[in-house]
Amino acid sequence: MNNIARNFLLVGIVSLLVGMAWGIQMSASGDHGLSAAHAHLNLIGFVVMSIAAIYYRLTPAATGTMATVHFVTAVLGVVTIVPGIVMAVSGSGETLAKIGSVLTILSVVMFASIVWKHGFGSN
Ligand code: HEM
């Protein structure tokens, strides 16, 4: 497996493990107040990263510098948007959530341009 695909998958699996542990903690405590942050960690961290991993595994031609920028932007996005949502939901300000939102959408814009340039698959 190429490095960028493996790295996306590893970030996805770590996000899933943390997200599931967080879900179990919410269930056990009965406090679902941070469910929006839990959901975003699982969906942006696990689902979106895993889709990117599969894309780069199937499209080796796309694994260049732009893919590295995509990876770094996506990781920075998830590690800022999740605590940002926690802060926003807790009434501690929305700045971090806004920064995370911009980084996350930028990573998807980057992904879109990579798919546009390289297509999908090795043909
Ligand atoms: C061990 C695994 C998991 C546990 C124990 C768990 C637990 C929970 C709990 C307790 C809630 C709050 C429900 C409520 O207040 O109505 C929740 C919400 C949610 N979870 Fe999970 N979860 C798990 C895994 C996942 C995964 C893998 C995903 C997505 C890939 C996910 C996505 C969501 C979504 C979208 C919500 C709704 C958030 C909202 O309405 O604000 N969860 N989960």
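Residue numbers run from 1 in the order of the sequence given. Start at 1 and go down the list; that is how both ligands and their atoms are numbered.
Hydrophobic clustering keeps Leu103 apart from Val108 (ILVMFWY residues linked when any side-chain heavy atoms are closer than 4.5 Å, directly or through intermediates).
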Identify all side-chain donor-acceptor contacts of residues 43-56 below 3.5 Å with residues at least two apart in sequence or on another chain.
{"unit_1": "Ser50", "atom_1": "OG", "unit_2": "Phe46", "atom_2": "O", "d": "2.7"}
{"unit_1": "Tyr55", "atom_1": "OH", "unit_2": "Gly119", "atom_2": "O", "d": "2.7"}
{"unit_1": "Tyr56", "atom_1": "OH", "unit_2": "His70", "atom_2": "ND1", "d": "2.7"}

Which side-chain N or O atoms in residues 16-26 pair as donor and acceptor under 3.5 Å with protein atoms at least two apart or in another chain?
none

Using atom types as modelled, flag every donor-acceptor pair under 3.5 Å from a side chain in residues 79-97 to any protein atom, sequence neighbours excluded.
{"unit_1": "Thr80", "atom_1": "OG1", "unit_2": "Leu76", "atom_2": "O", "d": "2.7"}
{"unit_1": "Thr80", "atom_1": "OG1", "unit_2": "Gly77", "atom_2": "O", "d": "3.1"}
{"unit_1": "Ser90", "atom_1": "OG", "unit_2": "Val86", "atom_2": "O", "d": "2.5"}

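Enclosure of atom CD1 in Ile105 is not indicated, since only 12 or fewer non-hydrogen atoms of other residues, nucleotides or ligands lie within 6.0 angstrom.
A distance of 7.0 Å separates CZ of Phe111 from CZ of Phe8, quoted to the nearest 0.5 Å.
Near Ile24, meaning under 4.0 Å from one of its heavy atoms, ligand 1 places the atoms 1 (C), 5 (C). Atom numbering of ligand 1 starts at 1 in the shown order; those under 4.0 Å from a heavy atom of Leu16 are 27 (C).
A distance-only check finds no donor-acceptor pair linking the side chain of Thr73 to the backbone of Ser107 [under 3.5 Å]. At least one donor-acceptor pair under 3.5 Å links the side chain of His40 to the backbone N or O of Ala36.
Closer than 2.8 Å to atom 21 (Fe) of ligand 1 sit the protein N, O or S atoms His38 NE2.
Protein heavy atom nearest atom 10 (C) of ligand 1, with residue, atom name and distance: Ser27 OG, 3.4 Å. Of the protein's non-hydrogen atoms, His32 ND1, 3.3 Å is the one closest to atom 14 (C) of ligand 1.
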